[in-house]
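This report refers to the structure that appears directly beneath it.
So that the names make sense, note that chain A is the first sequence line, chain B the second, and so on, each numbered from 1. Heavy atoms only: backbone and side chains are in, while hydrogens, waters and symmetry mates are out. Since this is a predicted model, take the numbers as computed values, not measurements.
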Amino acid sequence: MVKTTWIGDVQNGQHTDQTVELKGWVKRSRGNNNIWFVVLRDSTGTIQCVGKKKNLGDEMFETLKGAIIETSVVFTGHVRADERAEGGHELDIVDVEIVGAVNSERPFPIGEADMLVEDEDGELTYGGTEHTLNHRHLYLRTTRATTMLKLRSSAFGAIHNYFRGHDFLEYQAPNFVAGAVEGGSTLFEVPYFGKKAYLTQSWQLYAEAAMPALERLYTIAPSFRAEKSRTRRHLTEFWHAEMEMAWATNNDIMAHGEGVVRTIAKTLLEEREQELTYLERDLDLIARYADNPYPRMRYDEAIEILQGKGVAVEWGQDLDYSKEKILTQDFDVPHFLTHYPKVAKPFYHRVDPEDENYVLCHDLLAPEGYGEIIGGGERTWSEEEILQRIDEEGTPREPYQFYIDVRSYGGVPHGGFGLGVDRVVSWLAGATHIREVIPFPRTSRRVTP
RNA sequence: GCCGAUUUAGCUUAGCUGGUGGAGCGUGGGACUGUUAAUCCCAAGGUCGUGGGUUCGAGCCCCACAAUCGGCGCCA
C-alpha cells in the first residue's frame, strides 16, 4: 500500500523509461474512442497519463474513461519523456485500478471557473466565492489552494528554524485565559464550569511570566479576536508567531522581527520557487524582501510625511490602514514605524525614558498594500511603572496580578513582538484575501465547514 | 457597529422599455487515431434568495427579511 513513486519525481526525470505505479486523483480527462488522456494529480504535481484502447482492451479502456474528476486511481505504466505533455513526461498506462469512484450524479462541485471572480476593474482574479467557501474541504485539493498550503508550510518551518537557530526556546501558553491583552471588546467569551473564560488574544502575558526562566522564547500558536472586521487582512482565529526576550531593547527586538521575516522570504525562494512562479509572483521582488534591510521611521516622521501629502491626520492618532497604505506606497520593502504616542498604545508598552509622551514600540508594515504584519516593543518592566500605567488606563489590577508579580521579583528590561503568520504568507503569496492562505478560515461571518 | 453592492440550472453567468429565461463549464449519450481548460452534435437539468406589494402581466419596479461579498473603524 505504501506509495513509492511521486509525480514530482517523475516530472524531474527520476523514473524515465521505467515502469512505475502512480497513485493519485484525476484532475482532468479527455480523449476519443481509441485514446484517452488523464491528467493525474498528487501532492507533488501533475502528469498526463495516456491509455490506448488497443493496449488496454475494451473493458479497461471503459474503466479509464469512467474515472471522472477526483476519482482516486492507481495507474501502472511506463514513463516516457514527451515534449507534447505538460511537464515533459507522460505515463503510458498498462493497468488501471479505481480506488475511490466518484458518482456521476454528484460530480466534483468545484471547477476552475468557480475560483475566478471579477474585481472592481472587471479583471478576472482569484477570490473566495460563497460556493468555494462552503466546499472548503474539497477546495483544498485545487492547485491554487494546495500551492498556498505549501507556502504556508514553508513559512512555518522558516519561523521555527529562525528562532531555534538564534537559541530561542519554544514555549506554550494557555488558550483559555481570564484577562485581555488588547481591548476587552474583542474577546471571545467561553463558559468555563460556571465561570467565564476567554480565548487568548496573544501569548505575550504568559510568555513574560516565563521570560525570567527561559530568557529567549517563542511560539507559533492560534490567537482569537472577536473583531467584526470585514477586510482582506482579518481572521477571528489567526496564527501568531510571538517572541519574548530578556535584556533586550526595542532595536534588538526589531532586528529579530526583520530577521524572521527576511528568513521567511528567503525560505520561500529556496523551497517554493515553483509555487511562487505558479502564483505569478515576481521573484526579484521576493528577493528584495529577503536581502534588503528594512528602514525604520519614527511615528512623528510618518505624521509629517502624511501631512505633507495633505492627509488629514493629527498627532496622537493611531495610524489606521488607509494611512499605512499611503506610507507604504513609497517603500519597496517592509518598514518599521517606531515610537508611537503613549496615548495610542496599551499599558504594557514601555514609556520612552527620553520622552514620556512616547512608548518604545514598533510596527512592521508590509508593502504592496498588505499593511501591518508585526507589532511589538519593549515592555513596561518595573513594578512601580506597571502599576502606574494600569491605573492610568483605568484597567482593573486583579486579572493582571500574576503579570504584576513577574515584575515584583527581579523585573528586567525585556520585550517581544507578535507576527501575523497568515498575513505574512498572504503578502508573500500575493493572495487576494488572507483566507486564501489558511485551510479553514474563521471570520466574523463563518465558522463552517 | 457604519457605508456600499450582490442573489437567475450543481457551478460561472447573459437577460433590452415590464410581455413565454439564453449560454459556457460539469454530468449523460454520440462522433473523431495525440488531446492540452480538446473539438463537434444531442440530452437532462430553472417555483429567477424568501415573503409581501404595484400591474392585465414582474427575473426586471417598490417594501421587508435573509444570506453572501467589498470597504471603514480596530488590529497581527
Take atom [atom1] in [N] and the same atom in [M], then report the distance between them in whole Å.
N     : M     : atom1 : answer
B:G19 : B:G4  : P     : 29 Å
B:U55 : B:U13 : C1'   : 29 Å
B:G30 : B:U50 : P     : 37 Å
B:G71 : B:A14 : C1'   : 28 Å
B:G70 : B:U27 : P     : 29 Å
B:C25 : B:A67 : C1'   : 25 Å
B:C74 : B:G1  : C1'   : 11 Å
B:U7  : B:U12 : P     : 12 Å

Looking at [options], which one has an atom nearest to any side-chain atom of [X]?
X        : options             : value
A:His433 : B:A37, B:G70, B:G10 : B:G70
A:Asn33  : B:C69, B:G26, B:C32 : B:C32
A:Tyr321 : B:U68, B:A76, B:C75 : B:C75
A:Lys228 : B:G34, B:C74, B:G1  : B:G1
A:Asn34  : B:G26, B:U33, B:C75 : B:U33
A:Glu372 : B:C69, B:A76, B:G26 : B:A76
A:Arg80  : B:G71, B:G34, B:U27 : B:G34
A:Leu133 : B:A76, B:C69, B:G70 : B:C69
A:Arg233 : B:C74, B:G34, B:A76 : B:C74
A:Ser229 : B:C75, B:G10, B:C74 : B:C74

Which pairs pass side-chain hydrogen bond (donor to acceptor under 3.5 Å, both in side chains) with one or both residues in residues 49-69 of chain A, sequence neighbours excluded?
-> none
Not counting sequence neighbours, list each pair that qualifies as a side-chain hydrogen bond (donor to acceptor under 3.5 Å, both in side chains) and has a residue in residues 439-449 of chain A.
-> A:Asn134-A:Arg446
Where each residue is assigned the nucleotide of RNA chain B containing its nearest heavy atom, which of A:Glu83 and A:Lys323 is assigned the position nearer the 5′ end?
-> A:Glu83
Could you verify whether a donor N or O on one side chain and an acceptor N or O on the other, from [X] and [Y], lie under 3.5 Å apart?
X        : Y        : answer
A:His433 : A:Ser426 : no
A:Thr186 : A:Glu227 : no
A:Arg389 : A:Tyr348 : no
A:Tyr340 : A:Asp363 : yes

Starting at atom [atom1] of [X], determine the distance to atom [atom2] of [N], rounded to an integer number of angstrom.
X        : N     : atom1 : atom2 : result
A:Gln201 : B:C75 : CD    : P     : 11 Å
A:His234 : B:G71 : NE2   : P     : 11 Å
A:Phe37  : B:U39 : CZ    : C1'   : 13 Å
A:Ile438 : B:A76 : CD1   : P     : 16 Å
A:His131 : B:C69 : NE2   : P     : 14 Å
A:Arg446 : B:U68 : CZ    : P     : 7 Å
A:Leu138 : B:G10 : CG    : P     : 17 Å
A:Glu436 : B:C69 : CD    : C1'   : 14 Å

Just to verify, what does [X] make a side chain to side chain donor-acceptor pair (under 3.5 Å) with, not counting sequence neighbours?
X        : value
A:Ser153 : none
A:Glu378 : A:Arg350
A:His362 : A:Asn250
A:Asn161 : none

Relative to each other, are the rings of A:Tyr299 and A:Trp315 parallel, tilted or perpendicular (30° and 60° limits)?
-> perpendicular
Which word best sums up how the rings of A:Tyr403 and A:Tyr400 line up, parallel for under 30°, tilted for 30 to 60°, or perpendicular for over 60°?
-> perpendicular
Contact class for [X] (heavy atom, under 4.0 Å): base, sugar-phosphate, or nothing?
X        : result
A:Gly418 : sugar-phosphate
A:Asp320 : sugar-phosphate
A:Ser104 : sugar-phosphate
A:Arg106 : nothing
A:Ile35  : base

By centroid distance (under 5.5 Å) and plane angle (under 30°), are A:Phe108 and B:G26 in a stacked arrangement?
-> no
Mind checking side-chain contact (heavy atoms from CB on, under 4.5 Å) for A:Ala248 and listing every partner two or more places apart, or none if nothing turns up?
-> A:Met245, A:Asp252, A:Ile253
Listed by chain and number, what are the side-chain contact (heavy atoms from CB on, under 4.5 Å) partners of A:Thr76, not counting sequence neighbours?
-> A:Thr19, A:Glu21, A:Val94, A:Asp95
Does any donor-acceptor pair link the side chain of A:Arg423 with the base of B:C75 at a separation under 3.5 Å?
-> yes
Is the phosphate of [N] approached by [X] (side-chain N or O, under 4.0 Å from OP1 or OP2)?
X        : N     : result
A:Arg445 : B:U68 : yes
A:Asn32  : B:G34 : yes
A:Arg232 : B:G71 : yes

The dot-bracket string of RNA chain B, counting Watson-Crick and G-U wobble pairs with both distances under 3.5 Å, using [ ] for crossing pairs and | for pairs to another strand, is (((((((..((((.....[..)))).(((((.......))))).....(((((..]....))))))))))))....
Name every residue in residues 88-102 of chain A that has at least one heavy atom under 4.0 Å from any atom of RNA chain B, in order of residue number, or write none if there are no such residues.
-> A:Glu90
Please list, by residue number, the residues of residues 41-73 of chain A whose heavy atoms come closer than 4.0 Å to an atom of RNA chain B; answer none if no residue qualifies.
-> A:Gln48, A:Lys52, A:Ile68
Sorted by chain and residue number, the ring pair (Phe, Tyr, Trp, His ring centres under 6.0 Å) partners of A:His240 (sequence neighbours excluded) come out as A:Phe238
